[in-house]
Asker: 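The structure is given below, and queries will be raised subsequently.
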Amino acid sequence: MTDTAPSDRPAPPLWQRALPWLITLACFAWLYTRVEGAAARQGLTAASYLLDVFASVSWGKWLALMIPYSAFFFLIDSTVVWRVVSWFNTRVPWTGILPIRASAYIISIVNEQVGKGAMALYLNRRDGVPGWEVGSSMLFIMFCELLYLTFWANVGYLMAADTLPAQFALVPWIGVGVLALFLLWVAFFRGLIPVGKGLRERAILKAFREASPLRYLIVAAIRSPALLGAVVVYTLALRLFGVEASFLDMLGVLPVIFFAAAIPTPMRAAAITIWVVLFSDNEAQLSAFGLVMHNFFIFFNAAIGLLFLRRANRELGLA
């Protein structure tokens, strides 16, 4: 069985490349109308209203939260990649994964999925692992992210349902749907569903063929401290922007925000928009909060990537 090599794939059509930017423009246009309306009620322009929000934040305290958390996330994220690659592709020391994960953050500024594709290319060139098989591991990581975010969204909803927006009543139903999908998914790749053998044998799905249910749980368990740390950091950071929220509320909200952050839009525009949707009484504060939180995170991670870039280039024979 053979798969088409990644380099043989045709370039995506123009509309597909333009779509993330169009979504971004739509998100920021909607945010502007909300901020402008809130500013007008205060007799201010949108720009001056936002500047007042930024001026009220203690940025030293904010950085004291964000810098350690970003470094912590990098270590957790690298551990997930190391664990999955070691299972399904090749034995790699944990320190050998750090330049791979870190340098991919530079590309992830625009799109996290493209960053995962870069990791697959890196491992293919450095360790000779077939590109589609590494891509399979990246898909496995993404699927596990869906599972663990759904799990924590439901935990948060069960603990704080009365204080979450009414739309969150859908969360348990989504959880049931994802659980049913997971059970069918595992049954299919364990050969318990006697159809689709050709699809199951494709190289891009190698990790799912070899993964036991326990491995999904292990990845979710490794990833979970990053989310729980984010609950603390984002709650405290939000208070610095003048908006009160409890840790339990944030446990229910953050998985939804992180789902939105996975939508391929520059500057994480979809995630920023969701903050304003969920906290509609504080348009300016949440617009500013979402903008600086998500963009600091991706740019600080990219800065970590720059620290490893020389080593990454050396391992690829580029320096």
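In this text the structure is predicted, and so the values were computed from the model without any measurement.
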Asker: For the backbone of T150 and the side chain of N154, can you confirm whether one donor and one acceptor N or O come within less than 3.5 Å of each other?
Answerer: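 Side chain of N154 to backbone of T150: a pair is present.
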Asker: Hey, does the Lys NZ or Arg CZ of R310 hover above the aromatic six-ring of F308, less than 6.0 Å from the centre and inside 45° of the axis?
Answerer: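 No, R310 and F308 do not form such a contact.
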Asker: If you compare all heavy atoms of R223 against all heavy atoms of I141, which two are closest, and at what distance to 0.1 Å?
Answerer: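 What the structure gives for the nearest pair is NH2-CG2, 3.7 Å.
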Asker: If you define the side chain from C-beta out and look only at heavy atoms, does anything of T90 sit under 4.5 Å from E133?
Answerer: no
Asker: Could you tell me whether the side chain of S78 and the main chain of L75 form a donor-acceptor pair under 3.5 Å?
Answerer: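 No: the side chain of S78 does not pair with the backbone of L75.
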Asker: Knowing that exactly one of F182, F88, F189 qualifies, which makes a ring pair (Phe, Tyr, Trp, His ring centres under 6.0 Å) with F208?
Answerer: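 The option that passes is F189.
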Asker: State the CG-CD1 distance between L149 and I257, to the nearest 0.5 angstrom.
Answerer: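 Rounded to the nearest 0.5 Å, the CG-CD1 separation comes out at 11.5 Å.
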Asker: Any side-chain to backbone donor/acceptor pair from R83 onto V219? Under 3.5 Å, distance only.
Answerer: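 Side chain of R83 to backbone of V219: no pair is present.
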Asker: Judged by atom type as modelled, is there a donor-acceptor pair below 3.5 Å linking the side chain of R209 to the main-chain atoms of R190?
Answerer: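 Flag not set: sc R209 to bb R190 has no pair under 3.5 Å.
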Asker: Can you see which heavy atom on Y157 is nearest to which on A169, and at what distance?
Answerer: OH-CA, 3.6 Å
Asker: Output yes when a side-chain donor or acceptor of T163 lies under 3.5 Å from a complementary backbone atom of A160, and no otherwise.
Answerer: yes
Asker: Mind checking the CG-CH2 spacing from L205 to W132? Nearest 0.5 Å is all I need.
Answerer: 10.0 Å
Asker: Does the cation-pi check pass for R101 over F74, that is, NZ or CZ under 6.0 Å from the six-membered ring centre and within 45° of its axis?
Answerer: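 No, R101 does not sit over the ring of F74.
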Asker: Would you say the side chain of Y216 lies within less than 4.5 Å of the side chain of Y148, judging by non-hydrogen atoms?
Answerer: no
Asker: Show your reasoning for whether side chain to side chain contact (heavy atoms under 4.5 Å, CB included) applies to Y105 and F300.
Answerer: CA-CA 9 Å; Y105 284 139; F300 187 85; over 6 Å; no
Asker: With a 4.5 Å limit on heavy-atom distance, are the side chains of L251 and M159 in contact?
Answerer: yes
Asker: Give a yes or no on whether I222 and L214 share a hydrophobic cluster (residues Ile, Leu, Val, Met, Phe, Trp, Tyr; joining criterion: side-chain heavy atoms under 4.5 Å apart).
Answerer: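 Same hydrophobic cluster.
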Asker: Could you tell me the separation between the CG atom of L139 and the CD1 atom of I204, rounded to the nearest 0.5 Å?
Answerer: 5.0 Å
Asker: Are V176 and L158 joined in one hydrophobic group, where the rule is that I, L, V, M, F, W and Y side chains link up if heavy atoms are under 4.5 Å apart?
Answerer: no
Asker: For a quick test of reading the model, state the closest non-hydrogen atom pair linking A71 to I304 and the distance between them.
Answerer: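 Nearest pair, atom of A71 first, then I304: CA-CD1, 4.5 Å.
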Asker: Give a yes or no answer on whether the side chain of W59 reaches the backbone of F54 with a donor-acceptor pair at less than 3.5 Å.
Answerer: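 Yes, because the side chain of W59 sits within donor-acceptor range (under 3.5 Å) of the backbone of F54.
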Asker: Return the minimal non-hydrogen interatomic distance between F168 and V256, and the atom names on each side.
Answerer: CE2-CG2, 3.7 Å
Asker: Donor-acceptor check, side chain of W275 to backbone of F289, threshold 3.5 angstrom: yes or no?
Answerer: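 Absent.
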Asker: Verify, without hydrogens or angle tests, whether D77 (side chain) and F73 (backbone) share a donor-acceptor contact under 3.5 angstrom.
Answerer: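 Pair absent, no side-chain N/O of D77 close to backbone of F73.
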Asker: Are L181 and L147 connected into the same hydrophobic cluster when the rule is that any two of I, L, V, M, F, W, Y join if their side-chain heavy atoms are below 4.5 Å apart?
Answerer: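 Hydrophobic grouping puts L147 with L181.
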Asker: Does a donor on one side chain sit under 3.5 Å from an acceptor on the other, for T79 and W94?
Answerer: yes
Asker: Could you please spell out the steps behind the side chain to side chain contact (heavy atoms under 4.5 Å, CB included) verdict for W152 and L254?
Answerer: CA-CA 9 Å; W152 284 111; L254 268 187; over 6 Å; no
Asker: Decide yes or no on side chain to side chain contact (heavy atoms under 4.5 Å, CB included) for S86 and W82, but give the supporting numbers first.
Answerer: CA-CA 6 Å; S86 295; W82 164 76; 3.5 Å; yes
Asker: Is it true that a side-chain atom of S56 and a backbone atom of V53 form a donor plus acceptor pair closer than 3.5 Å?
Answerer: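 Checking the backbone N and O of V53 against the side chain of S56, a donor-acceptor pair under 3.5 Å is found.
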Asker: Are I174 and L183 co-members of a hydrophobic cluster defined by side-chain heavy atoms under 4.5 Å apart?
Answerer: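 Yes, because L183 and I174 connect within a single hydrophobic cluster, where side-chain heavy atoms sit under 4.5 Å apart.
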Asker: Should the pair R239 and F247 be classed as cation-pi, given the thresholds of under 6.0 Å to the six-membered ring centre and 45° from the axis?
Answerer: yes
Asker: Using 4.0 Å as the upper bound for N to carboxylate O, is an ion pair formed by K206 and E210?
Answerer: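 Yes.
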Asker: Measure the CG-CH2 distance between L238 and W62 for me, rounded to the nearest 0.5 Å.
Answerer: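 So the CG of L238 and the CH2 of W62 are separated by 13.0 Å.
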Asker: Given side chains that start at C-beta, do those of F151 and P255 come closer than 4.5 Å, heavy atoms only?
Answerer: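 A side-chain contact under 4.5 Å is absent here.
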Asker: Less than 4.5 Å apart, any side-chain heavy atom of L65 and any of L240?
Answerer: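 A side-chain contact exists here, since the closest heavy-atom pair is under 4.5 Å.
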Asker: Has Y69 got a side-chain atom pairing as donor or acceptor with A226's backbone, closer than 3.5 angstrom?
Answerer: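 A pair under 3.5 Å: yes.
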Asker: Taking atom CG of L227 and atom OG of S224, what is their separation to the nearest 0.5 Å?
Answerer: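 Here the interatomic distance stands at 7.0 Å.
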Asker: Evaluate V292 against F241 for side chain to side chain contact (heavy atoms under 4.5 Å, CB included), listing each step before the verdict.
Answerer: CA-CA 11 Å; V292 299; F241 280 76; 3.4 Å; yes
Asker: Which heavy-atom pair separates L50 from V35 by the least distance, and what is that distance?
Answerer: CG-CG1, 3.9 Å
Asker: Tell me whether L179 shares a hydrophobic cluster with W173, the cluster being built from Ile, Leu, Val, Met, Phe, Trp, Tyr side chains joined at under 4.5 Å.
Answerer: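 Result: no, two separate clusters.
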Asker: With the side chain counted from C-beta on, respond yes when N301 and S70 share a heavy-atom pair under 4.5 Å apart, and no when they do not.
Answerer: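 N301 reaches S70 side chain to side chain.
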Asker: Considering all heavy atoms of both residues, which atom of A207 and which atom of S136 are nearest to each other, and what is their separation?
Answerer: N-OG, 2.7 Å
Asker: Atom CG of L98 and atom OG1 of T95: how far apart are they, to the nearest 0.5 Å?
Answerer: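 Separation between the atoms: 6.5 Å.
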Asker: State, yes or no, whether a side-chain contact exists between V232 and M250 at a heavy-atom distance under 4.5 Å.
Answerer: no
